[in-house]
Amino acid sequence: MSEQNIPYEETDLYRIRHSSAHVMAEAVLEQFPEAKLAIGPPIEDGFYYDFDLGKDDNDKPITFSEEDLEKIEAKMKQLLKKNAPFEHSSMSIAEAEQFFADQPYKIELIEDLAAGRLDENGNPTTEPANEVSIYKQRDFVDLCRGPHVKFTKQVKANAVKLLRTGGAYWRGDEHKPQLQRIYGTAWHNRVELEQYLERLEEAKARDHRRLGKDLGLFHISPLVGAGLPLWLPKGTVLRMQLEDFLRQAQTARGYLPVITPHIGKLDLYITSGHYPYYKDSQYTPIELDDDKFLLKPMNCPHHIEIYKSQPHSYRDLPLRLAEFGTVYRYEQSGELNGLTRVRGFTVDDSHLFVTPEQLEDEFIAVVDLIQYVFETMGFHDFRARLGVNDSDSDKYAGTPEMWAQGIKAIKQAADKAGLNYVVEEGEAAFYGPKLDFIFRDVLKREWQLGTVQVDFLLPERFDLEYTAVDGQKHRPIMIHRAPFGSMERFVGILIEHFNGAFPLWLAPVQVTVVPIADRHNAYAYEVADKLKQAGMRVEVDASSDRMNKKIRNAQLQKIPYMLVVGDREAADGTVAVRTRANEDRGDMALSVFIEQATTLVETKSMDL
RNA sequence: GCCGAUGUAGCUCAAUUGGCAGAGCAAUGCUCUUGUAAAGCAUAGGUUAUGGGUUCAAAUCCCAUCAUCGGCUCCA
């Protein structure tokens, strides 16, 4: 398409979606004449519009029902076909305030525009506006910067669909009124719409919650607790492959393993400064006698205490302490989601204690490790984001100097490593700036995974020191880092990315041996034993099912290899190799298969 | 946490307006001994998420709680 290289805001699709939002609002007003309009922008793949429908007799907010949505969609399609031009004009602030007098949200937007505070998207503006831009189709007039299509008919009625409703806070602030949002999608034509809907179906089919159940990877029991996943044997095998891989990579890079308990005294987190920041998302402290203990929300304080357990010379540094450390955060109930958003999760955590001279090299080495990990996973589409503090936010600790120093260190190291990154305000940790690695999966969805943070604050808080060449005590700097981020989220993403068909080295079961009839079971077990001796994870399907059924079951479990064995194979010492890609490779000597498979495992190949 | 929807067998779903809770798959048993994506027959499986309430009668209506899903806010 010709639109690929121009900004989204300038594309036809953007206009189509923006115009769809207006026509949808027009349709809503026909059904709900009292609705107050908030904002209705185009978004990725579609658009939304927020409405305030007022309260019912019981003072409960009026919401859209599913039937409402259908009616609105039908009405909207009618309005699209009943052609009308989008007319652009402007009004003075005073005119606009009068015109939108019964639209409080529009008034707020107009006032912000007039004062030069915020534009209609909530972004800061530089200059106060004298007049505002408006768009009109038929009797529907909206405060809007545009652009729009010229006529409503340019939005094809069969290329638009309303998807869902939901609550949304005015201006994204949970202390402000909650509005009713309708999401819709709009495309150039019907075919594109259908393709998009298919994409949604595809995403649903690879949902890790669905696959996690079907493939027996994890389970979440309400009795254990929401957001506290139980790892089933197959999920555990998968996770352990990841952990072993990283552990090995870390050992090769001079990391030292440590293990720390799941709780710690409240005082520890008060010293670290975590407590005030995590108070709201924290399991309440456990009180015993005169002490209070917290389920740890972070591993750093424990690792710091390990550092402090003995005096350090500059010769000991950098000290790289690594642990798969499980932390607990009491996330809001509405936030929980399978493995990707949980209340107890394991961070592939490490804390590096370094001298100022070592900071840059160590940071680069960490970035290098993260990239190595991603590449090994077959994650090639990722970007980096430098999260810095928000100048006017009070949620960050430390001095401006510390922040400047940290940001500078990250920038220098990232530049030296040749890494492209974008800077985003308000994306820092409370104790320092961080570099996040954001991965785009096969469905083009973005996930924040690995993270590296430079920290001058905690060494200060805990009064960390080492003896330098000059014989004086100096303050080390800490680097916090986690390539996977959290094992739970990472595995969740991995499941969706691979659609449950993991590369051989990660597959919980790598091979299923399929005996054709009972009399082949003995040979099947013999084959399985040899595979196990070669380090393969293998199952024998000795059930009374037909061979076809056994193959089907293995296919559904996305097991990489099915080895069919019958009279021929038993006589020749061979196996008939079939892959989950429906590929029949015919008979081959077992030794040849083992040779091939183990090589693929060793090289962590994506191929079968 | 907020707004909305949902919760029936291990899984996927049925059950007219309130009137005896059912099917497919999975499980178990038996028969068949099978050559690359579902053999046949039989058996078992449920306090309809939990706790209250309305009713002669509740899976169905009402209330509360828990959980899940879709959004918002927040985040690894």
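Chain identifiers are assigned alphabetically (A, B, ...) following the order of the sequence lines, protein sequences preceding nucleic acid strands; residue numbering begins at 1 within each chain.
- One finds no side-chain N or O of A:Lys176 lying less than 4.0 angstrom from the OP1 or OP2 phosphate oxygen of B:C3.
- By the 4.5 Å heavy-atom criterion applied to side chains, A:Leu211 and A:Glu496 are not counted as neighbours.
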Measure all distances between protein nitrogen or oxygen atoms and nitrogen or oxygen atoms of nucleotides 28-35 of chain B, and list the pairs falling under 3.5 Å.
| residue | atom | partner | partner atom | Å |
| --- | --- | --- | --- | --- |
| B:C32 | O2 | A:Arg546 | NH1 | 2.9 |
| B:C32 | O2 | A:Arg546 | NH2 | 2.7 |
| B:U33 | O2' | A:Arg519 | NH1 | 3.1 |
| B:U33 | O2 | A:Asp518 | N | 3.1 |
| B:U33 | N3 | A:Asp518 | OD2 | 2.9 |
| B:U33 | O4 | A:Asp518 | OD2 | 2.8 |
| B:U34 | OP2 | A:Arg519 | NH2 | 3.3 |
| B:U34 | O2 | A:Arg546 | NE | 2.7 |
| B:U34 | O2 | A:Arg546 | NH1 | 3.4 |
| B:U34 | O2 | A:Arg546 | NH2 | 3.4 |
| B:U34 | N3 | A:Arg546 | NH1 | 3.1 |
| B:G35 | O6 | A:Asp567 | N | 3.0 |
| B:G35 | O6 | A:Arg568 | N | 3.3 |
| B:G35 | N1 | A:Glu569 | OE1 | 2.9 |
| B:G35 | N1 | A:Glu569 | OE2 | 3.4 |
| B:G35 | N2 | A:Arg568 | NH2 | 3.0 |
| B:G35 | N2 | A:Glu569 | OE1 | 3.4 |
| B:G35 | N2 | A:Glu569 | OE2 | 2.5 |

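- Legend: residues meeting side-chain hydrogen bond (donor to acceptor under 3.5 Å, both in side chains) with A:Glu66, ordered by chain and number and at least two apart, are absent.
- A centroid separation of less than 6.0 Å is found between the aromatic rings of A:Phe51 and A:Tyr49.
- Contacts of A:Phe484 with the nucleic acid, taken as non-hydrogen atoms under 4.0 Å apart, are absent.
- Taking the ring-ring contact (aromatic ring centres under 6.0 Å, His included) definition, one finds that A:Tyr523 meets it with nothing, sequence neighbours left out.
- Under a cut-off of 6.0 angstrom, the local environment of CD in A:Glu583 is crowded, with over 12 non-hydrogen atoms contributed by other residues, nucleotides or ligands.
- For the C1' atoms, the distance from B:A23 to B:G18 is 23 Å, rounded to whole Å.
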Go along nucleotides 59-68 of chain B 5' to 3' and tag each nucleotide: B for a protein heavy atom under 4.0 Å from its base, S when only backbone or sugar atoms are that close, - otherwise. --------SS
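- Atoms CG (A:Asp52) and C1' (B:C72) sit 15 Å apart, rounded to a whole Å.
- The residues A:Arg209 and A:Asp207 are annotated as salt-bridged, a charged nitrogen and a carboxylate oxygen being separated by less than 4.0 angstrom.
- For A:Thr346 and A:Arg239, the side-chain atoms include at least one donor-acceptor pair closer than 3.5 Å.
- Because its NZ or CZ atom is both nearer than 6.0 Å to the ring centre of A:Tyr48 and within 45° of the ring axis, A:Arg181 counts as a cation-pi partner of that residue.
- Without hydrogens or angle criteria, A:Asp50 side chain to A:Trp170 main chain gives no donor-acceptor distance under 3.5 Å.
- Nucleic acid contact class of A:Gly166 (heavy atoms, under 4.0 Å, all strands): base.
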Yes or no on ring pair (Phe, Tyr, Trp, His ring centres under 6.0 Å) for A:Tyr372 and A:Phe245, after CA distance, side-chain angles and deciding distance? CA-CA 11 Å; A:Tyr372 165 68; A:Phe245 158 61; 5.8 Å; yes
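- What separates CD of A:Gln178 from C1' of B:G70 is a distance of 13 Å, to the nearest Å.
- For A:Trp447, the ring-ring contact (aromatic ring centres under 6.0 Å, His included) test picks out no residue, with sequence neighbours left out.
- At B:C72, none of the side-chain N or O atoms of A:Tyr48 fall inside 4.0 Å of OP1 or OP2 (strictly under the cut-off).
- Within 4.0 Å (heavy atoms only), A:Gln448 reaches sugar-phosphate atoms of the nucleic acid but no base atom.
- The side-chain hydrogen bond (donor to acceptor under 3.5 Å, both in side chains) test applied to A:Arg546 returns no partner, not counting sequence neighbours.
- Both A:Leu556 and A:Ala429 lie close to RNA chain B; mapped to their nearest nucleotides by heavy-atom distance, the more 5′-ward contact belongs to A:Leu556.
- Atom name P, nucleotides B:U55 and B:U17: the rounded distance is 23 Å, in whole Å.
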Dump every N/O contact between nucleotides 7-13 of chain B and the protein below 3.5 Å, one line per pair.
none

Walk me through whether A:Tyr328 and A:Tyr330 qualify under ring pair (Phe, Tyr, Trp, His ring centres under 6.0 Å). CA-CA 7 Å; A:Tyr328 298 89; A:Tyr330 197 81; over 10 Å; no
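- Annotation: A:Phe430 is not in aromatic contact with A:Tyr396 [ring centroid separation under 6.0 Å not met].
- By the ring-ring contact (aromatic ring centres under 6.0 Å, His included) test, A:Tyr275 pairs with no residue at all, sequence neighbours left out.
- The side chain to side chain donor-acceptor pair (under 3.5 Å) contacts involving residues 547-566 of chain A comprise A:Gln555-A:Arg578, where partners must be two or more places apart or lie in separate chains.
- Spacing of C1' atoms, B:U73 relative to B:A27, comes out at 44 Å, to the nearest Å.
- In this structure, A:Lys549 places its NZ atom 9 Å from P of B:A38, rounding to the nearest Å.
- Using a 4.0 Å heavy-atom cutoff across all strands shown, A:Val342 reaches at least one base atom of the nucleic acid.
- Taking for each of A:Asp584 and A:Leu179 the nucleotide of RNA chain B with the nearest heavy atom, the 5'-most of the two is the partner of A:Leu179.
- Rounded to whole Å, the P atom of B:U8 lies 10 Å from the corresponding atom of B:A14.
- For RNA chain B, runs of at least 3 consecutive pairs of the Watson-Crick or G-U wobble type, with both hydrogen-bonding distances under 3.5 angstrom, map to B:1-7 with B:66-72, B:10-13 with B:22-25, B:27-31 with B:39-43, B:49-53 with B:61-65.
- For B:A59 and B:G7, the C1' atoms lie 11 Å apart once the distance is rounded to whole Å.
- Straight-line distance between the C1' atoms of B:C56 and B:A42: roughly 40 Å, to the nearest whole Å.
- Between B:U54 and B:A64, the two C1' atoms lie 15 Å apart (nearest whole Å).
- Remark: aromatic rings of A:Phe379 and A:Phe490 are close, center separation under 6.0 Å.
- Atom-to-atom, CG of A:Asn553 to P of B:C25 comes out at 13 Å; the value is rounded to the nearest Å.
- Using C1' as the reference atom, B:U43 and B:A9 are 15 Å apart when rounded to the nearest Å.
- Partners of A:Asp244 under the salt bridge (Lys or Arg N to Asp or Glu O under 4.0 Å) rule, at least two apart in sequence or in another chain, are A:Arg247.
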Is there any protein nitrogen or oxygen under 3.5 Å from a nitrogen or oxygen in nucleotides 73-75 of chain B, and what are the pairs?
| residue | atom | partner | partner atom | Å |
| --- | --- | --- | --- | --- |
| B:U73 | O2' | A:Glu174 | OE2 | 3.2 |
| B:U73 | O2 | A:Gln332 | OE1 | 3.4 |
| B:U73 | N3 | A:Glu335 | OE2 | 2.4 |
| B:U73 | O4 | A:Glu335 | OE1 | 2.4 |
| B:U73 | O4 | A:Glu335 | OE2 | 2.2 |
| B:C74 | O2 | A:Arg341 | NH1 | 2.9 |
| B:C74 | O2 | A:Arg341 | NH2 | 2.6 |
| B:C74 | N3 | A:Arg341 | NH1 | 3.0 |
| B:C75 | OP1 | A:Lys395 | NZ | 3.4 |
| B:C75 | O2 | A:Arg489 | NH2 | 3.1 |

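- Look at CD on A:Glu66: it is 15 Å from C1' on B:C3, rounded to the nearest Å.
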